[in-house]
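Notes follow once the structure below has been shown.
Because the structure is predicted, anything quoted here is derived from the model rather than measured. Hydrogens, waters and symmetry mates play no part in the numbers below; they use all other heavy atoms, side chains included.
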Amino acid sequence: MIRRHVARGFTLVELLVVLAIVAVLLSIAAPRYTGSVDRAKEAVLRENLASLRDALDKHYGDTGLYPPKLEDLVTKRYLRRIPLDPVTDSPVTWVLVPPPDPDKGGIADVRSGSSEKARDGTFYKEW
């Protein structure tokens with residue numbers, strides 16, 4: 001009885017074909033992934049701006065003054081914590097906008113501290 005040793009495995013051509021297919025699939029999926037990350041950051045930024053502005057308005061409605069600093073919204077329980085600016089990944093980069101009348105308090109509005117452009121061509125700091 002003679003045993004033959006049969007080589008098992010893949011040829012170089014088969015491996016190259018599989019790698020080419022994987023590369024094509026990655027080239028299709030990668031742009032969609034990065035686009036979805038940008039869309040998610042913009043959605044989170046819109047939501048965080050809305051909740052900060054809502055808390056500022058509630059504080060003004062309750063006290064008749066805007067808070068002098070954002071941390072007051074947390075200490076007075078209008079917010080659990082200062083939300084992150086998702087573009088800068090920091091809760092301390094918010095740009096604080098004072099009210100037109102300085103007698104009404106310190107912070108009437110907030111904007112993103114990022115100087116980047118959004119997907120629609122506007123700057124995040126203008127939202």
Side-chain angles (χ1 to χ4, degrees):
M1 190 175 211
I2 301 174
R3 290 187 179 180
R4 291 183 142 191
H5 180 57
V6 178
R8 295 183 183 204
F10 298 104
T11 65
L12 181 60
V13 172
E14 291 170 330
L15 289 174
L16 288 176
V17 168
V18 169
L19 287 176
I21 292 170
V22 168
V24 168
L25 291 174
L26 282 176
S27 68
I28 293 170
R32 290 179 184 230
Y33 172 75
T34 56
S36 67
V37 169
D38 292 340
R39 279 192 305 276
K41 279 186 180 182
E42 289 182 7
V44 170
L45 177 60
R46 282 190 182 97
E47 182 63 31
N48 288 351
L49 283 171
S51 45
L52 275 170
R53 289 171 176 159
D54 183 53
L56 287 169
D57 291 341
K58 286 179 181 177
H59 185 279
Y60 181 77
D62 290 345
T63 64
L65 294 172
Y66 289 108
K69 54 187 180 180
L70 286 180
E71 290 78 20
D72 290 346
L73 296 174
V74 175
T75 57
K76 293 181 180 179
R77 314 284 292 176
Y78 289 95
L79 294 171
R80 290 183 185 223
R81 63 177 164 29
I82 305 296
L84 285 175
D85 181 342
V87 184
T88 62
D89 284 331
S90 174
V92 297
T93 56
W94 295 110
V95 175
L96 310 176
V97 180
D101 182 6
D103 294 333
K104 294 198 176 202
I107 305 168
D109 196 11
V110 290
R111 298 184 187 271
S112 175
S114 173
S115 58
E116 296 179 29
K117 278 190 175 183
R119 292 180 310 124
D120 63 0
T122 61
F123 288 98
Y124 290 122
K125 63 184 177 183
E126 296 173 355
W127 287 13

Verdict with supporting geometry, Val95 and Asp109, side chain to side chain contact (heavy atoms under 4.5 Å, CB included): CA-CA 8 Å; Val95 175; Asp109 196 11; over 6 Å; no

Worked verdict on Lys117 versus Tyr124 for side chain to side chain donor-acceptor pair (under 3.5 Å): CA-CA 6 Å; Lys117 278 190 175 183; Tyr124 290 122; over 6 Å; no

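Between Glu42 and Arg119 there is a salt bridge, with a side-chain nitrogen of the basic residue lying less than 4.0 Å from a carboxylate oxygen of the acidic one.
Using a 4.5 Å cut-off on side-chain heavy atoms (C-beta onward), Asp54 and Tyr78 make no contact. Within the 4.5 Å cutoff, side-chain heavy atoms of Lys104 are placed close to those of Tyr60. Two residues are said to be in side-chain contact when any heavy atoms from C-beta on lie closer than 4.5 Å; Val74 and Arg80 fail this criterion. Contact of the Leu52 side chain with the Leu79 side chain is registered, since non-hydrogen atoms from C-beta on lie closer than 4.5 Å. Under the 4.5 Å side-chain criterion, counting only non-hydrogen atoms from C-beta, Val97 is not in contact with Val110.
Smallest separation of non-hydrogen atoms from Val87 and Ser114: CG1-OG, 3.2 Å. For the residue pair Pro83 and Asn48, the shortest heavy atom distance occurs at CB-CG, 3.6 Å. Closest approach of Leu84 and Pro91 over heavy atoms only: CD2-CD, 3.3 Å. Across all their heavy atoms, Gly113 and Thr88 have their closest contact at C-CG2, 4.1 Å.
A cation-pi geometry, defined here as NZ or CZ lying under 6.0 Å from the six-membered ring centre and within 45° of its normal, holds between Lys125 and Phe123. With a 6.0 Å cutoff to the six-membered ring centre and a 45° limit on the axis angle, Arg46 counts as a cation-pi contact of Trp127.
Remark: side-chain polar atoms of His59 are paired, donor with acceptor, to backbone N or O of Leu65 under 3.5 angstrom.
Side chains of Ser112 and Asp85: a donor-acceptor N/O pair is present below 3.5 angstrom, by distance only.
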